[in-house]
Amino acid sequence: MTRFTLAAVTALLLAAAPVVAQTTAPQVPVRGKTSLQTTTPAAPPAAPAPGSEEWLRQRGESYSAAPETQQDPTEVAETIRLNAEIAARNNAAERREIEGTAAWQAEDARWRAETARLETQRAQWEADAAAAEAARLRYERDRAAWAAEVAACQRSPRSCVTRTPGY
């Protein structure tokens, strides 16, 4: 019984530990105030607007454009050159993507046409095979009828004229 009690108390304490850890600590009185007065925690600072200087600074980035008169002409020219190079690469990539899409669509259309042709060919083969099977069965039926007619004539005392099967 004591083991069970000990296990139950241990389980209860383990379950209550997160709740106890989340409770707020008692407020310490500030000097010069009565014991009922405590300091209130400072409100968290408002989050800066995304893209603002403060927002960028918190992320370790900073950007502030200098006035046009203070910008270095060689740096501006290099930036323009780099931007033009990036735009040219983007345009080339877009052209390659369009060409690739067109090539894929053409190949897909060719594949679909080939698949349709093969399906038609398969359907024709199945129809031909069914017609051949029907002809074979008809031939076997006619041959069996002829064989029966010949056998009947051979058993008969009078003479018979039989026709050849298929004629």
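Computed from a predicted structure; not experimentally measured. Index from 1, following the sequence.
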* E126 atom CD, neighbour heavy-atom count above 12 within 6.0 Å -> yes
* Begin with the C-alpha distance, continue with both residues' side-chain angles, and end with the deciding distance and a verdict on side chain to side chain contact (heavy atoms under 4.5 Å, CB included) for T115 and R112. => CA-CA 5 Å; T115 301; R112 289 180 189 278; 5.6 Å; no
* To do: Find the distance between CG (L137) and CG (D142) and round it off to the nearest 0.5 Å.
  => 11.0 Å
* To do: Could you tell me the separation between the CG atom of D128 and the CD atom of Q121, rounded to the nearest 0.5 Å?
  => 10.5 Å
* Asked: In this structure, are over 12 heavy atoms from other groups packed under 6.0 Å from E133 atom CD?
  -> yes
* To do: Can you run down the salt bridge (Lys or Arg N to Asp or Glu O under 4.0 Å) pairs that involve residues 95-106, sequence neighbours left out, and say none if there aren't any?
  => none
* Asked: Any salt bridge between R143 and E140, counting N to O under 4.0 Å?
  -> no
* Distance in Å, E78 CD paired with E85 CD, rounded so as to fall on 0.5 Å steps -> 8.5 Å
* Asked: With sequence neighbours left out, what residues match T74 under side-chain contact (heavy atoms from CB on, under 4.5 Å)?
  -> D72
* Nearest-0.5 Å distance that lies between atom CZ in R141 and atom CZ in R136 -> 11.0 Å
